[in-house]
2 protein chains.
Amino acid sequence: MPRPETRRRSSGRVTLSHVAEAAGVSPITASRALRGERGVADELVQRVKAAATQLGYVPDPAARALASQRSVQVPVLVPLLSNALFVDVLDAVHRILFPHGYQALIGVTHYDPDEEEQLLRTYLAHRPAGLLVTGFDRTESARQMIAASGVPCVHLMEMTSAPGVYCVGFSQQDAGHRITAHLLERSRRRVAFVAAQLDPRTMQRAEGYRRCLKEVGLYDPQLELLSPQPSSIRLGAELFEQMLRTQPDVDAIFFCNDDLAQGGLLAAQRLGIAVPGRVAVAGFNDLAGSDQMLPTLTTVRTPRSSIGEASARMLLALMRGEALEHNSVNLGFELTVREST
Amino acid sequence: MPRPETRRRSSGRVTLSHVAEAAGVSPITASRALRGERGVADELVQRVKAAATQLGYVPDPAARALASQRSVQVPVLVPLLSNALFVDVLDAVHRILFPHGYQALIGVTHYDPDEEEQLLRTYLAHRPAGLLVTGFDRTESARQMIAASGVPCVHLMEMTSAPGVYCVGFSQQDAGHRITAHLLERSRRRVAFVAAQLDPRTMQRAEGYRRCLKEVGLYDPQLELLSPQPSSIRLGAELFEQMLRTQPDVDAIFFCNDDLAQGGLLAAQRLGIAVPGRVAVAGFNDLAGSDQMLPTLTTVRTPRSSIGEASARMLLALMRGEALEHNSVNLGFELTVREST
DNA sequence: CTGAAAGCGCTTACAG
DNA sequence: CTGAAAGCGCTTACAG
């Protein structure tokens with residue numbers, strides 16, 4: 001059997017050289033024309049693009065990454081996928097980046113800084129084009145790795161005024177303050193805070209809650225119920241019962257997340273406790289179903305899809321090396337008053 | 001200012017050559033040792049691995065992909081991220097693949113075969129290591145592209161007996177049949193089917209529903225309410241009301257998904273319709289909150305995390321070129337009877 | 001069991 | 001504005 005004449009390992013793929021040959025230019029020129037680099041004669045650009053289309057040329061991302069030392073990958077580091085909040089962010093990021101040829105990569109940290117650091121180490125070795133991370137709480141060496149990599153990085157969900165740091169989010173503390181103030185406006189005086197997971201953003205909301213109650217002299221640490229367990233509808237039901245049992249005079253509860261609040265509402269129904277008659281209930285995030293509960297749930301609508309979109313757009317600009325008008329984008333939040341308060 | 005002596009573009013990265021040099025072997029041997037290719041002396045393997053660890057060597061995925069014509073990427077094509085079902089699958093896939101060095105990539109098709117085909121075209125150009133796709137309904141050219149690529153592919157959620165096709169899932173039709181039979185066992189005679197989205201798997205459940213009712217001569221097309229809109233709690237509430245208005249004698253409703261069923265339960269409460277007294281309600285998938293509703297929701301628990309894990313493991317074997325005992329894995333489903341029926 | 005050479009398909013740095 | 005040469009960091013195919 002005859003051996004192949006050369007040692008070529010051709011994949012049968014249409015390469016840049018094929019396109020260049022068809023267009024009658026050098027591969028370098030073809031490369032420049034295709035990437036839209038300026039300084040190529042218009043006519044050549046036309047010829048190259050036509051040839052590429054005709055041959056069905058698709059650039060090889062691996063070759064491009066190796067030569068340019070930069071891939072099209074954008075890791076998105078979020079705590080969990082089981083929280084619809086982060087799925088919405090990830091979905092929006094993917095929707096914006098994909099048409100620009102960038103690939104959003106899933107990174108799940110499980111609220112664990114060490115896991116995040118390990119993930120960062122792995123992803124940074126892939127020479128990502130950009131990076132999206134949740135919040136600001138991370139290990140010192142994670143922080144340094146990001147800085148040392150030189151990879152553009154945008155922080156999600158929280159705000160900071162630190163110089164040279166890019167972020168898109170809203171003030172978690174202000175949001176916690178706002179919904180607490182709403183409860184006070186409803187003439188409530190024994191306002192509880194019930195939380196799970198106890199991640200940094202939850203604790204920032206707690207801070208807003210405390211600040212608000214302290215301003216009017218109604219803060220009572222007994223009214224805080226903090227569980228490190230993962231947030232869920234079922235846990236919300238349990239914590240609701242526990243709160244009413246241990247603090248029978250509570251007249252309002254601010255749950256740090258809607259799933260907990262929905263569980264609380266369901267527990268109230270089961271126990272025959274009038275909402276908002278005996279106790280007002282408020283949630284956070286306006287998740288699916290909150291507008292359908294009985295009674296419908298008062299909550300804070302958070303702009304998670306917008307955060308995903310805006311952070312992706314900001315990253316796009318940074319990856320292109322464009323200057324930004326603002327390092328931080330505050331997308332705010334919206335108090336959504338319904339029947340439960 | 002002195003020019004750099006060479007044209008090197010070194011990234012300052014620790015490369016395979018550094019490791020090889022430190023271990024006193026050639027780069028080829030180092031490569032083989034690190035990849036666990038057999039045929040390398042044990043002692044050398046030890047030396048190379050020690051050197052790699054000591055230098056903090058991380059292989060460059062782009063270089064590896066270019067040389068081997070195969071990346072570590074595994075696109076996972078799912079209809080939507082807003083359905084918790086697919087998030088659970090994606091999460092499980094990622095959990096299994098990541099520790100093996102593979103990267104799960106998000107691909108959202110929005111239930112659109114053309115969009116899926118376009119996505120496939122893009123992803124296949126990235127030389128994926130493997131491919132995970134949802135179900136079997138796709139364009140003919142999508143099917144051909146997958147086959148022609150030679151990339152190992154596992155199909156999710158549904159079963160087939162087609163030869164040479166890999167799948168992990170359960171029989172959607174059997175599940176639809178099973179829950180309908182349960183409703184009949186509860187002495188219901190006017191059993192309705194309410195569905196949204198109308199994707200292939202929903203329609204397979206519909207087929208199971210029809211088959212079951214036809215077997216006992218109780219099938220009535222008037223009792224089917226099919227909406228092409230996206231599934232949601234709110235839509236479930238609307239469809240529940242519509243069903244009871246147009247078919248007042250209905251005594252059971254099988255909703256094709258739990259979010260619809262939860263909406264139905266909420267609507268029933270709002271309207272003062274007794275469940276299961278006047279009408280029994282069943283859902284599908286056992287989503288978050290179904291066990292907390294009032295009444296708690298009877299449903300079919302589907303093994304979505306297991307599907308993600310098993311499909312990832314099957315793909316891992318295929319990517320290693322291992323032979324499989326079975327082309328298809330049926331993970332079944334579990335009827336979960338609660339208060340609503 | 002080990003290695004020198006070539007190649008994967010691009011882009012960078014330099015020259016003209 | 002365009003191009004010939006070199007290089008990115010690996011693995012394949014071949015030889016011994």
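Every chain is numbered from 1 and lettered A, B, ... according to where its sequence line falls, protein lines coming before strand lines. Predicted, not measured: the structure shown is a model, and the values here were computed from it.
Base pairing annotation: C:dA4 forms no Watson-Crick or G-U wobble pair, as no partner gives both donor-acceptor distances under 3.5 Å. Nucleotide D:dA13: unpaired (no Watson-Crick or G-U wobble partner with both distances less than 3.5 Å).
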B:E117 and B:R138: salt bridge (charged side-chain N to carboxylate O under 4.0 Å, His left out), yes or no, with the steps? CA-CA 8 Å; B:E117 182 184 321; B:R138 51 185 45 84; over 6 Å; no
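Within 4.0 Å (heavy atoms only), B:R35 reaches sugar-phosphate atoms of the nucleic acid but no base atom.
Within the 4.5 Å cutoff, side-chain heavy atoms of A:C153 are placed close to those of A:H155. Here the side chains of A:V108 and B:H94 are in contact, with some heavy-atom distance below 4.5 Å. Side chains of A:F98 and A:Q103 form a contact here, defined as non-hydrogen atoms less than 4.5 Å apart.
Rounded to an integer number of Å, the gap from CD1 of A:I28 to C1' of D:dC8 is 16 Å. Distance A:E37 CD to D:dT2 P: 12 Å, rounded to the nearest Å. For A:L16 and C:dT11, the CG to C1' distance is 9 Å, given to the nearest whole Å.
Remark: the A:R32 side chain and the D:dG3 base include a donor-acceptor N/O pair separated by less than 3.5 Å.
Among the nucleotides D:dC8, D:dG3, D:dC10, the one closest to any side-chain atom of A:V25 is D:dG3.
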